[in-house]
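Order of appearance sets the numbers: ligands from 1, and atoms from 1 within every ligand. Values below: all heavy atoms of this structure, side chains included; hydrogens, waters and symmetry mates excluded.
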Amino acid sequence: MSRADKKFLKVSGLTKSFGTGDTKQDVLKGIDFTVAKGEFCVLLGPSGSGKSTLLNILGGIDSADKGEILIAGDKLSAMNEKGLTNYRRKHLGYVFQMYNLIPNLNVKENIETGAYLSDSPLDIDELLKTLGLYEHRHKLPNQLSGGQQQRVSIGRAIVKNPDLLLCDEPTGALDYTTSKEILQLIEEINQKYGNTIIMVTHNEAIKLMADHVIKLRDGKIRHDDMNTKKITAAELEW
Ligand SMILES: Nc1ncnc2c1ncn2[C@@H]1O[C@H](COP(=O)(O)OP(=O)(O)O)[C@@H](O)[C@H]1O
Ligand SMILES: [Mg+2]
């Protein structure tokens, strides 16, 4: 099957502004791209270029002013509040730079919150092992390192086995070695479970591990390339 046949996400003519009058800021100025099923897509761009805004719109957290998003054949803009809630619950995982864990729940319980109302959650013990957290499953978030906390937040996002995993600067708060470990984990998840991943970063080096690289600057896509010389996360250096 060609890449075009496996089209999973299609974004066309997307625009978004914040504010009105003199303070109006056009953040997304007509965004078009497609992502194939199972693809590992990296979204690059300098700070303030609209990466998080775009991701939040894809995640149904924010809405666009104009344009269309088709995801697995469904139109996101046509969904009502209930449809959007259902979309987020069933099809979407979200990982942020900050882990946003629930402080009084342990590792396993935090991950279980992500499986809530899912039709086909992953086996939690197996997932804990993939995450390297099985030995730590009874610990509270404040007993974990930053990297371990990010592993929990990835577990919470992935436990429902979402079609689409959105990651917004998931290594932004982590040191070099821990960042590479987290990137290896995201790579492993992509390969093992086949989730389509869109990962935002401002670190150019990370594009080498992606199938698809989209570069945003000043609210527009400046590059949209397939990476034919993909390397592993372990091989990355910066
Ligand atoms: N809710 C908001 N209200 C007003 N301005 C916003 C809002 N969210 C983002 N912006 C502005 O939009 C621009 C792009 O922000 P963002 O998407 O967070 O960029 P990035 O993630 O690439 O750093 C910034 O100038 C930011 O100040
Ligand atoms: Mg951002």
Side-chain angles (χ1 to χ4, degrees), residues 9-35 39-69 71 76-77 79 81 84-85 87-88 92-101 146-147 149-150 153-154 156-158 162 164-176 178-180 182-183 185-186 196-210 212-225 227 233 236 238:
L9 175 72
K10 185 170 193 294
V11 176
S12 7
L14 210 69
T15 66
K16 177 74 177 177
S17 304
F18 290 110
T20 51
D22 286 350
T23 62
K24 183 165 178 279
Q25 189 190 359
D26 298 323
V27 174
L28 300 178
K29 303 174 183 170
I31 301 286
D32 305 274
F33 65 94
T34 63
V35 176
E39 202 165 83
F40 192 152
C41 179
V42 161
L43 181 61
L44 277 168
S47 179
S49 57
K51 304 182 298 294
S52 295
T53 301
L54 176 56
L55 217 62
N56 288 342
I57 294 170
L58 295 178
I61 295 174
D62 202 349
S63 59
D65 296 334
K66 277 197 209 143
E68 198 172 81
I69 299 171
I71 182 149
L76 204 60
S77 50
M79 289 182 196
E81 202 47 51
L84 272 178
T85 304
Y87 160 71
R88 284 192 297 258
L92 197 81
Y94 219 125
V95 175
F96 301 92
Q97 179 173 339
M98 294 320 294
Y99 327 119
N100 302 317
L101 303 177
Q149 290 185 62
Q150 189 59 300
S153 99
I154 291 169
R156 178 184 54 192
I158 182 88
L164 181 61
L165 180 65
L166 302 173
C167 307
D168 195 352
E169 310 246 12
T171 61
L174 301 172
D175 63 61
Y176 178 77
T178 314
S179 293
K180 281 190 61 167
I182 291 295
L183 293 172
L185 174 63
I186 295 172
T196 307
I197 298 183
I198 302 180
M199 183 167 82
V200 164
T201 177
H202 59 256
N203 182 348
E204 279 269 341
I206 294 178
K207 71 181 182 191
L208 298 173
M209 69 177 283
H212 185 177
V213 183
I214 294 173
K215 280 196 202 176
L216 210 60
R217 182 167 42 79
D218 193 23
K220 285 194 174 166
I221 291 185
R222 307 292 171 167
H223 296 275
D224 183 344
D225 302 308
N227 177 19
L236 293 176
W238 66 86

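With a 4.5 Å cut-off on side-chain heavy atoms, Asn203 and Thr171 do not count as touching. His202 places none of its side-chain heavy atoms less than 4.5 Å from the side chain of Ser47.
What sits closest to atom 18 (O) of ligand 1 on the protein, heavy atoms only, is Ser52 CB, 3.7 Å. Protein heavy atom at the shortest distance from atom 1 (N) of ligand 1 is Phe18 CE2, 3.5 Å. The protein heavy-atom contact nearest to atom 19 (O) of ligand 1 is Gly50 N, 3.3 Å. Given atom 14 (C) of ligand 1, the protein heavy atom at minimum distance is Gly48 O, 3.4 Å.
Taking 4.0 Å as the cut-off between side-chain N and carboxylate O, Lys16 and Asp62 count as a salt-bridged pair.
The closest approach between a heavy atom of Gly45 and any atom of ligand 1 is not below 4.0 Å. In this structure, Gly219 falls outside the shell of residues with a heavy atom less than 4.0 angstrom from ligand 1.
In summary, no N, O or S atom of Gln97 is located under 2.8 Å from the Mg ion (ligand 2).
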**OP:** Evaluate the criterion salt bridge (charged side-chain N to carboxylate O under 4.0 Å, His left out) for residue pair Asp218 and Lys220; output intermediate values, then yes/no.
**Re:** CA-CA 6 Å; Asp218 193 23; Lys220 285 194 174 166; over 6 Å; no
**OP:** Would you check, one step at a time, whether the test side chain to side chain donor-acceptor pair (under 3.5 Å) holds for Ser12 with Asp32?
**Re:** CA-CA 4 Å; Ser12 7; Asp32 305 274; 5.0 Å; no
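Between Leu174 and Gly146, the shortest heavy-atom contact is CD2-C, 3.7 Å. Scanning all heavy atoms of the two residues, the minimum distance from Ile206 to Met199 falls at CG2-CE, 3.5 Å.
Near Pro46, the atoms of ligand 1 lying under 4.0 angstrom from a non-hydrogen atom of the residue are 22 (O). Listed by atom number, the atoms of ligand 1 under 4.0 Å from Thr53 heavy atoms are 9 (C), 15 (O), 16 (P), 17 (O). Interface of Gln25 with ligand 1, defined as ligand atoms under 4.0 Å from a residue heavy atom, comprises 11 (C), 13 (C), 24 (C), 25 (O).
On a distance-only criterion, Val27 and ligand 1 share no N/O pair closer than 3.5 Å.
Annotation: Arg217, atom CZ; neighbour count of heavy atoms from other residues, nucleotides and ligands within 6.0 Å does not exceed 12.
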